[in-house]
There are 2 protein chains.
Amino acid sequence: MDHASNPDPVPTRLREGFERIALVLRADLWSAAGMAGLNPTQAQVLALLSARPDGLRPKEIAAHLAVSAPSMADTLAALERKALLRRTPDPADARALIARLTEDGLAAGRSLASAASQVAAALSQLSAAEQAGLLRAQIKLIRALQLAGAIPVQRLCVSCRHFRPNAHPGEAAAHHCDFVNAAIGDRDLRLDCGEHEEADPAVQAATWTDFTQG
Amino acid sequence: MDHASNPDPVPTRLREGFERIALVLRADLWSAAGMAGLNPTQAQVLALLSARPDGLRPKEIAAHLAVSAPSMADTLAALERKALLRRTPDPADARALIARLTEDGLAAGRSLASAASQVAAALSQLSAAEQAGLLRAQIKLIRALQLAGAIPVQRLCVSCRHFRPNAHPGEAAAHHCDFVNAAIGDRDLRLDCGEHEEADPAVQAATWTDFTQG
DNA sequence: CACGTTAAATAGGAGTCCTATCTTTATCTG
DNA sequence: CAGATAAAGATAGGACTCCTATTTAACGTG
């Protein structure tokens, strides 16, 4: 294998697989959003802010959805027109705003979250072990993307100070969350936990080592 | 936790993970396409048709990219304006067209395929075993989506008449492709092989059983 | 050969998404 | 503390995606 002259083709093929799945995700989003009179981007903003009761700045929302700030301003204006969202001045910084969902916006977000998804249906056909393996792989990818600066910091269990990986070695639910004080398995790991509290960098590194070696 | 009254939350969480990754894919596509003066949809058409020397009908392209036929007509017109693609009448059906890339289109497709991708970079950090597991999971998902009618038929190894799963049990490259007459491992499986020939449904079912039990 | 079906284009409209340019406020320096 | 620099957001302008509904032309069948 000459990794030198050619890049490894496997990551490229895997990326193509993700692209196939992403197309279905987008179709899912169109159908779910369409029923609510929305489009995919608006639906994604609703989904993001549903999990953020304290709201988020327009710039942060743009970063999470990987679009430019002016694009996000378009979408936020559309959502504000539909009375699903409100932008209020940020008391901490007179330049900034905080975007929050209205009651209607939260309701729309809830109905979106429970909408049918062909991807979720396909995922539910995998075995529990496959699902766990897939979730671990996603966590590794998300962490790598985060370290590379490709995405903003996510509220993952593995970077949370409440998380103790492999606290129960050998058991099905091997990890432990000190916040809920319960054992959790690979399948229970969160990608966006509302209770997340960023751990100290050194602690995070140790946690990651324990997690990947478990 | 009442897992009973609610649908299994794991597929939903996995779908969210895919959505995170899909956002990065889209950003990758914007940056790669932007350098070529294109946008993501145009780039996806180029990528699709690069692997289809015989061309595809507009309707088929629309199905592959999960958009409506009129939307695809817009995009094809844009690509034709840029002289990257040509639509010619289909000799077999006077209603239909065949869309094919021009030389410039093929060149643009090639440069797009080799463009940097943050997702591919993250994927290359996974171990070979993890990559193989991920590819197998993708194949299962794609097959499930295909059976559900969510996506058009894909040119997967596992549905090809040249493919013999677990022909070399116990070895690293456990499968065999009769077309290239070589052993191939899980990591070598194709999601869109140009040499694909759809196997007989009964054979496909048997192949799938052998593959999933290996 | 009339009939329903299918492939594609067209019309019309909403809205995403970009870059570039402002305005305002915060922050950093001499 | 004044002035420069940086940052958050809005606005302008333009290309284009994406939808539904409609139209045109050609296929297939009884």
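Sequence lines set the chain letters: A, B, ... in the order given, protein chains first and strands last, and positions in each chain run from 1. Bear in mind the structure is a predicted one, so any value in this text is a computation, not a measurement.
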Heavy-atom donor-acceptor pair, Gln125(B) side chain to Ala122(B) backbone, under 3.5 Å: no
Can you measure Leu29(B) atom CG to dC18(C) atom C1' for me and round it to whole angstrom units? 15 Å
Which residue lies more 5' along DNA chain D, comparing Pro70(A) with Asp93(A) via nearest heavy atoms: Asp93(A)
If each of Arg26(B) and Glu60(B) is mapped to the nucleotide of DNA chain C with the nearest heavy atom, which maps nearer the 5' terminus, i.e. the 5' end? Glu60(B)
Take the protein atom CG of Leu38(A) and the nucleotide atom C1' of dT16(C), then report the distance between them rounded to whole Å. 14 Å
Residue whose closest nucleotide on DNA chain C lies nearer the 5' end, Ala92(A) versus Ala66(A): Ala66(A)
Any carboxylate oxygen within less than 4.0 angstrom of a Lys/Arg side-chain nitrogen, looking at Arg161(B) and Glu198(B)? no
Taking 4.0 Å as the cut-off, does a side-chain nitrogen or oxygen of Ser71(A) come that near to OP1 or OP2 on dT16(C)? no
Expressed as a whole number of angstroms, how long is the span from Leu76(B):CG to dA15(D):P? 20 Å
Answer with yes or no whether Arg95(A) presents, from its side chain, a donor or acceptor under 3.5 Å of a partner atom in the base of dT24(C). no
Please determine if a side-chain N or O atom of Arg87(A) lies less than 4.0 Å away from the OP1 or OP2 oxygen of dG9(D). no
In whole Å, I'd like the distance from the CZ atom of Arg57(A) to the C1' atom of dT24(C). 14 Å
Using a strict threshold of under 4.0 Å (side-chain N to carboxylate O), is an ion pair present between Asp104(B) and Arg86(B)? no
Leu65(A) CG to dT16(C) P, in whole Å, measures 12 Å
Distance, rounded to the nearest Å, where Glu80(A) contributes CD and dG9(D) contributes P: 13 Å
At 4.0 Å (heavy atoms only), tell me whether Pro40(A) reaches a base, stays on the sugar-phosphate, or touches nothing. nothing
State which of dC27(D), dC19(D), dT17(D) makes the closest approach to the side chain of Trp30(A). dC19(D)
Can you tell me if Gln42(A) touches the phosphate of dA14(C), counting only side-chain N or O atoms and a distance under 4.0 Å to OP1 or OP2? no
Contact class for Asp90(A) (heavy atom, under 4.0 Å): base, sugar-phosphate, or nothing? nothing
What is the distance, rounded to the nearest whole Å, between atom CG of Leu84(B) and atom P of dC16(D)? 12 Å
Does dC16(D) have OP1 or OP2 sitting under 4.0 Å from an N or O in the side chain of Lys82(B)? yes
Within the 6.0 Å centroid threshold, strictly below: Phe179(A) and His196(A): no
What contact category does Ala69(A) fall into here, base, sugar-phosphate, or nothing, at under 4.0 angstrom with non-hydrogen atoms? nothing
Which one, dG9(D), dT17(D), dC19(D), comes nearest to the side chain of Ser68(B)? dC19(D)
Less than 4.5 Å apart, side chain to side chain, heavy atoms only: is that true for Ile142(A) and Leu156(A)? yes
Identify the two heavy atoms, one from Leu126(B) and one from Lys140(A), that lie closest to each other, and give their separation to 0.1 Å. CD2-CB, 3.8 Å
Quick check for you: among dA8(C), dT17(D), dC18(C), whose closest atom lies nearest to any side-chain atom of Lys59(B)? dA8(C)
Assign Asn39(B) to base, sugar-phosphate, or nothing according to its heavy-atom contacts below 4.0 angstrom with the strands shown. sugar-phosphate
Is any side-chain N or O of Asp74(B) under 3.5 Å from a base N or O of dC16(D), one able to act as donor and the other as acceptor? no
Could you check how far CG of Leu97(A) sits from C1' of dT24(C), rounded to whole Å? 12 Å
Reckon Thr41(B) touches a base, only the sugar-phosphate, or nothing at all at heavy-atom distances under 4.0 Å? sugar-phosphate
